[in-house]
Amino acid sequence: MTYFADKSALVADIFSRYPDSPQGRRSALMPLLREVQDAEGFVSEARMAEIAVLIGTTATEVRSVMSFYSTYHTVPTGKYHLQVCSTLMCALAGSDELWDHLVETLDVQPGEVSPDGRFSVQKVECLGSCGTAPMLQINDDGYYENVGPGKCARILADLRADRQPLPDNPVPVTVTAEGRQVMANGQTVGTSLTGLGGGTV
């Protein structure tokens, strides 16, 4: 059974956010990918093909878009997906050492999940927190900043006990199930298309 076979209302809702045109349907790619990943933890080849049919493109194009964003996963991830920023500022501040420590301590390589299902690791491009390097992100939940050996050990000890510590900074803007952007303090961001009034967009 396909993922969206019994979710026609959800698909219609996602498509309703975009113009009713071939380009509009293709614009629904990102929320469709997010829907699958939130439900299954990653987006398999079969789901890419299913989404491609829904939006009128090819699975290759879906994969090419996914490959641009480190937030989408083509393989299963652990309960705690640790993403280490690997760009220059974090590298100068010790992200390479942080990465080596995580890989060695957790005995897990990129694309793998630890035997207990808890951990996976990934190097990612700039997370935009250069002033607090080295830093990492756990799942989509927020930034853990200035992560030296002591802080890393405390974070891992908490995660092994299934107590995820609060991030130093939550992700500044998240997207709700309704597709609306919301800041960490609960304030909505941006304007919906229906709220633009009668002006020309």
- [ ] Test side-chain contact (heavy atoms from CB on, under 4.5 Å) on L33 and V62 and set out the steps.
- [x] CA-CA 9 Å; L33 288 171; V62 171; 4.0 Å; yes

- [ ] Please step through side-chain contact (heavy atoms from CB on, under 4.5 Å) for the pair V53 and T2, ending with a clear verdict.
- [x] CA-CA 11 Å; V53 170; T2 61; over 6 Å; no

Is [Y] reachable from [X] through a run of I, L, V, M, F, W or Y residues, each pair having side-chain heavy atoms under 4.5 Å apart?
{"X": "V84", "Y": "V108", "value": "yes"}
{"X": "V75", "Y": "F68", "value": "no"}
{"X": "V113", "Y": "W99", "value": "no"}
{"X": "F42", "Y": "V36", "value": "no"}

Say you draw a straight line from [atom1] of [X] to [atom2] of [Y]; how long is it, rounded to the nearest 0.5 Å?
{"X": "L127", "Y": "N169", "atom1": "CG", "atom2": "CG", "answer": "12.0 Å"}
{"X": "Q37", "Y": "H73", "atom1": "CD", "atom2": "NE2", "answer": "4.5 Å"}
{"X": "Q137", "Y": "C85", "atom1": "CD", "atom2": "SG", "answer": "10.0 Å"}
{"X": "T105", "Y": "F119", "atom1": "OG1", "atom2": "CZ", "answer": "10.0 Å"}
{"X": "I55", "Y": "I14", "atom1": "CD1", "atom2": "CD1", "answer": "11.5 Å"}
{"X": "I138", "Y": "H81", "atom1": "CD1", "atom2": "NE2", "answer": "11.0 Å"}

TODO: Any salt bridge (charged side-chain N to carboxylate O under 4.0 Å, His left out) involving residues 143-154? Give me the pairs, sequence neighbours left out, ordered by first then second residue.
DONE: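 Pairs touching residues 143-154 that pass the test: K151-D168.
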
Task: Sequence neighbours excluded - salt bridge (charged side-chain N to carboxylate O under 4.0 Å, His left out) pairs with any residue from residues 21-37 - done: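 Applying salt bridge (charged side-chain N to carboxylate O under 4.0 Å, His left out) to every pair that reaches into residues 21-37, excluding sequence neighbours, yields R26-E61, R34-D38, R34-D140.
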
Non-hydrogen atoms of [X] and [Y] that approach each other most closely:
{"X": "E50", "Y": "A5", "answer": "OE2-N, 4.2 Å"}
{"X": "P167", "Y": "D141", "answer": "CG-O, 3.5 Å"}
{"X": "A28", "Y": "Y18", "answer": "CA-CE1, 3.7 Å"}
{"X": "T77", "Y": "G41", "answer": "OG1-O, 3.8 Å"}
{"X": "A52", "Y": "A59", "answer": "CB-N, 3.5 Å"}
{"X": "M135", "Y": "Y143", "answer": "CE-CG, 3.2 Å"}

Judged by atom type as modelled, is there a donor-acceptor pair below 3.5 Å linking the side chain of [X] to the main-chain atoms of [Y]?
{"X": "D158", "Y": "Q164", "value": "no"}
{"X": "S86", "Y": "V124", "value": "yes"}
{"X": "Y144", "Y": "I155", "value": "no"}
{"X": "R118", "Y": "R160", "value": "yes"}
{"X": "Y3", "Y": "E40", "value": "no"}
{"X": "S95", "Y": "L98", "value": "no"}

Open item on the list: List the residues meeting salt bridge (charged side-chain N to carboxylate O under 4.0 Å, His left out) with E97, not counting sequence neighbours, and say none if there are none.
Closed with: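 Partners of E97 under the salt bridge (charged side-chain N to carboxylate O under 4.0 Å, His left out) test: none.
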
TODO: Only counting residues at least two apart or in another chain, list the ones meeting salt bridge (charged side-chain N to carboxylate O under 4.0 Å, His left out) with E125.
DONE: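 Counting only residues at least two positions away or on another chain, E125 forms no salt bridge (charged side-chain N to carboxylate O under 4.0 Å, His left out).
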
- [ ] Kindly indicate, with the supporting measurements, whether the criterion side-chain contact (heavy atoms from CB on, under 4.5 Å) is fulfilled by F4 and L54.
- [x] CA-CA 9 Å; F4 291 104; L54 285 172; 3.6 Å; yes

Quick check: do [X] and [Y] have side-chain heavy atoms less than 4.5 Å from each other?
{"X": "V65", "Y": "Y72", "answer": "no"}
{"X": "Q122", "Y": "P110", "answer": "no"}
{"X": "L102", "Y": "L136", "answer": "yes"}
{"X": "L106", "Y": "S120", "answer": "no"}

Task: Note: K79-D116 ion pair, threshold 4.0 Å (strictly below) - done: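 No, no charged N to carboxylate O under 4.0 Å.
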
Open item on the list: Holding to side-chain hydrogen bond (donor to acceptor under 3.5 Å, both in side chains), I want the full list of residues that pass it with D100, two or more places apart in sequence or in another chain.
Closed with: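 side-chain hydrogen bond (donor to acceptor under 3.5 Å, both in side chains) check on D100 returns nothing, list empty.
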
TODO: Could you list the residues that satisfy side-chain contact (heavy atoms from CB on, under 4.5 Å) with T74, not counting sequence neighbours?
DONE: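 T74 satisfies side-chain contact (heavy atoms from CB on, under 4.5 Å) with M48, R63, M66 once adjacent residues are dropped.
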
